[in-house]
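Atom set for the values below is all heavy atoms of this structure, side chains included, hydrogens, waters and symmetry mates excluded.
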Amino acid sequence: MNLKKIFGGMKGSNDPRYRTAKPFEMFLAPATSASKMTFYVMMMMTGYVANTGFGVAVMLTGILQTVKTWFDGATDPIVAAIFDKMKVGKAGKIRIFLLTGYLIQAISAILMFNVLSGKFTGVAGVVAYIVLYFLFVLGYTVMSVGGGTSIGAILTNDPKQRPFMQFIQMVYQYIGPLGITNILNLVVLPRYNNQIDATMLREACFWYCGYALVFTTVSIIGLSRVDTPEVLGKLMSDESGKQKSIKVKDMFAMVKSNKPLRCYMITGITDKIATNTNKQQIITTLLNGILIGSYQTANTINNTTTIIGFIFAFIGGVYLAKWGVKKATKMMSTLCICINLAAATMCLILGPSGMAKIGAGGLIMYLYMAMMMGQAATTMCLNIAEGMMRADVIDYELYRSGNFMPGMVGAIYSFTEKIVASFGATIAAIAVAAIGYTTVMPQLGDDATWAVLWVVEIIVFGLPILGWLANIIAMKFYELDKERMVEIQTVIAEKKKLAKQTMKKQTIRVR
C-alpha cells in the first residue's frame, strides 16, 4: 500500500487548468453533511412529539411522513432556482444558505419540541404541528441545496482531489447520525429511564441543535475563501466577467440537452430505490431476525463491515482518480453484482433453516461477513463515484452552456430520487404481504420458511443487482470519461482566462 500516493492525491495535481482546494478546506467545508444528517435523524423523532406534544394521531403522523417526502421533493427545484439565480455578495451565498437553513430548522425544532409542545390540542394541535413540521422540512431543503450539492463542485475540479473530497463528505454523513445517536443513548435517555417522552424530547432538541451548529460552523469556516465574489463569483461569470442570472429556460435546456445528467440520474436513482427497499425494517427483520436469528450477530457484522468499508473506500479513492468516474462505476457495479450473486447463492445452499448457522458464529458467519465487507467497500466506492459524477455533470453544463448550476443539478436529481425512492416502503410491504404478513409484522422467532428466504433473495440481493446493471448500461451512454473531462476542464480554464483578460481591458478603458 503506497500511503504517500494515497495522501498525495489530496494535494492535487498542480495543474493550472484546475481549481485546487487547500487540504484544510477539504476537511472542514463538507462538515455541513454531518449537520444535515443530524437534522435528518431529528426528523425521525418528530413523530413522537406530534403525538405527545400536539395530540396528533399515530395514523395521521404516518400520512404526514409520506406527504413530507413529496413536499421535500417539490421544494428542491424551487430553492435550487433561487440558489443558482442569487449573485455572490461579500457574505457569499453558500454560507448564507447554510446559516439560513440551520436557523429555520433550529427555530422550528425549538418551537416544536419545547415552546409550543403541550400548548395545543385537537385541530389546533394538528395545524400547529403541520406548520412547524413543514417549516422544518423547508429549512432542511435550504441547507441541502446550499451545501450538499455545491460544495464539492466549487472547492475543486481537480480529478485527483475529487475522490477524497467525496470520501470526506461520506464520512461526515456517517458521523452525524452516529454521534448524535450515541449522545442520546448514552447521555440523555438514561436520565429519563430510557423512555422517549415529552420531557426527554425537550432536552434532546438542544443536543440536536447544538451538535448540528458545531458542524455548520466548521463548514462555514472551511468555505471562507471560496464562497466569495473573487472565487465563486468568477465561476458564475460570463465572457464579459459579469455574474450571470440563471433563467427558468436554462434549467429546462439543461434537462433536455445534458445527456450525462440523465445518465447520472439513472445511475443514482436505481441504486437508491434498491437501498431504500432492502433497508426497510420489515425486510431486515426477515433477514436478521427470522433467517439469521440474531440481531446481535447482525449488528456486529454491520459495524465491522462499515469500518472495513471505510478503509477500503479510502484506498479506493486513489483508483477512482486514476480510472475516472465512468470506468470506476462500471468496475464497482460489476464487483457488487458478483459479490451479491455469491452471497445469494450461499444463502440458497444453506436454505431457510441453515441460515441460522450465520447467527451461531464460526466459519459460516465469517464467510458471510467477508462477503458483506466486500459489498460495503464496493458500495462506498460507488457512492464516492456518484458524488464525483455529480461534480463532473455540473462542470459539463458550465462547458456546454456557460451556466454554473450546482444547485439545480442536485435538485433535479434529489426531486426524482425522493419521488421514486418513496415507493421503497410500498414494495417491501407488498413483498411481505405476499408471504402471509397481512395483519401482523414479522418478528424475531417466526418460522424460517422458503417463502421468507425467497423474499430476502429477491429484495436484499436481487433488487440491488438490477440497480447495478442499470449503472453499467447507463455508463455506455455516459461520455464523461477521464480523457473527456480533461478536455472539458481545459476549455473551461481557457474561457475563464479570456473573461479575466476582458475584465482587465474594460477596467483600463474606464480609467
Side-chain angles (χ1 to χ4, degrees), residues 1-2 4-21 26 149 151-170 235 257-268 271 312-336 377-401 404 406 409-410 413 468 470-497:
M1 186 187 304
N2 191 338
K4 184 177 180 181
K5 185 176 181 181
I6 291 174
F7 287 98
M10 293 184 183
K11 297 179 181 178
S13 55
N14 295 318
D15 191 319
R17 288 175 297 184
Y18 303 126
R19 297 187 312 278
T20 302
M26 296 178 67
T149 62
I151 290 176
I154 291 167
L155 268 182
T156 178
N157 62 352
D158 193 316
K160 285 190 175 182
Q161 285 191 325
R162 275 189 169 167
F164 294 100
M165 185 75 202
Q166 296 304 322
F167 173 79
I168 294 166
Q169 191 162 13
M170 183 180 67
L235 273 175
S257 305
N258 194 323
K259 188 175 180 180
L261 170 64
R262 299 195 296 273
C263 294
Y264 161 61
M265 290 173 65
I266 292 171
T267 300
D271 288 352
F312 279 98
F314 178 69
I315 298 171
V318 176
Y319 297 98
L320 289 176
K322 181 179 179 181
W323 296 329
V325 170
K326 180 174 182 176
K327 184 176 180 181
T329 299
K330 289 194 292 186
M331 290 186 67
M332 292 301 168
S333 295
T334 302
L335 281 173
C336 284
T378 50
T379 301
M380 286 183 182
C381 286
L382 271 179
N383 290 338
I384 295 173
E386 181 189 315
M388 293 167 59
M389 193 182 301
R390 179 173 60 242
D392 285 352
V393 168
I394 292 169
D395 287 340
Y396 176 78
E397 183 60 27
L398 177 61
Y399 159 82
R400 188 193 70 82
S401 66
F404 187 67
V409 169
Y413 169 81
W468 294 321
N471 293 353
I472 295 171
I473 295 172
M475 288 302 99
K476 291 183 178 296
F477 303 94
Y478 184 78
E479 68 173 270
L480 305 183
D481 55 19
K482 184 179 179 181
E483 291 74 22
R484 179 65 171 137
M485 284 309 301
V486 170
E487 294 175 8
I488 289 171
Q489 297 295 0
T490 300
V491 172
I492 292 174
E494 290 174 351
K495 286 183 178 180
K496 293 302 175 185
K497 184 178 179 180

State, yes or no, whether a side-chain contact exists between [X] and [Y] at a heavy-atom distance under 4.5 Å.
{"X": "Ile488", "Y": "Leu480", "value": "yes"}
{"X": "Ile151", "Y": "Met165", "value": "yes"}
{"X": "Gln489", "Y": "Tyr399", "value": "no"}
{"X": "Met265", "Y": "Leu261", "value": "yes"}
{"X": "Met389", "Y": "Met475", "value": "yes"}

Can you see which heavy atom on [X] is nearest to which on [Y], and at what distance?
{"X": "Leu382", "Y": "Thr329", "answer": "CD2-O, 3.9 Å"}
{"X": "Thr490", "Y": "Val486", "answer": "OG1-O, 2.8 Å"}
{"X": "Val393", "Y": "Pro260", "answer": "CG2-O, 3.8 Å"}
{"X": "Thr267", "Y": "Ala474", "answer": "OG1-CB, 3.7 Å"}
{"X": "Val325", "Y": "Ala385", "answer": "CG1-O, 3.8 Å"}
{"X": "Met26", "Y": "Ala21", "answer": "CG-CB, 3.7 Å"}

List in chain and number order the residues that pass ring pair (Phe, Tyr, Trp, His ring centres under 6.0 Å) with Phe167, two or more places apart in sequence or in another chain; answer none if no residue qualifies.
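Once residues adjacent in sequence are excluded, the partners of Phe167 under the ring pair (Phe, Tyr, Trp, His ring centres under 6.0 Å) criterion are Phe314.
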
Test side chain to side chain contact (heavy atoms under 4.5 Å, CB included) on Glu386 and Tyr264; report intermediate values, then the result.
CA-CA 8 Å; Glu386 181 189 315; Tyr264 161 61; 3.8 Å; yes

Set of residues satisfying side chain to side chain donor-acceptor pair (under 3.5 Å) with respect to Gln166, sequence neighbours excluded:
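Result, side chain to side chain donor-acceptor pair (under 3.5 Å) vs Gln166: none returned.
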
Who pairs with Arg400 by side chain to side chain donor-acceptor pair (under 3.5 Å), at least two apart in sequence or on another chain?
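So Arg400 forms a side chain to side chain donor-acceptor pair (under 3.5 Å) with Glu397.
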
To the nearest 0.5 Å, what is the distance between OG1 on Thr378 and CG on Leu335?
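With rounding to 0.5 Å, OG1 (Thr378) is 6.5 Å from CG (Leu335).
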
Nearest-0.5 Å distance that lies between atom NZ in Lys327 and atom OH in Tyr478:
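The distance works out to 16.0 Å.
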
Do side-chain atoms of Thr156 reach the backbone of Thr20 as a donor and acceptor pair under 3.5 angstrom?
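No, because the side chain of Thr156 does not come within donor-acceptor range (under 3.5 Å) of the backbone of Thr20.
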
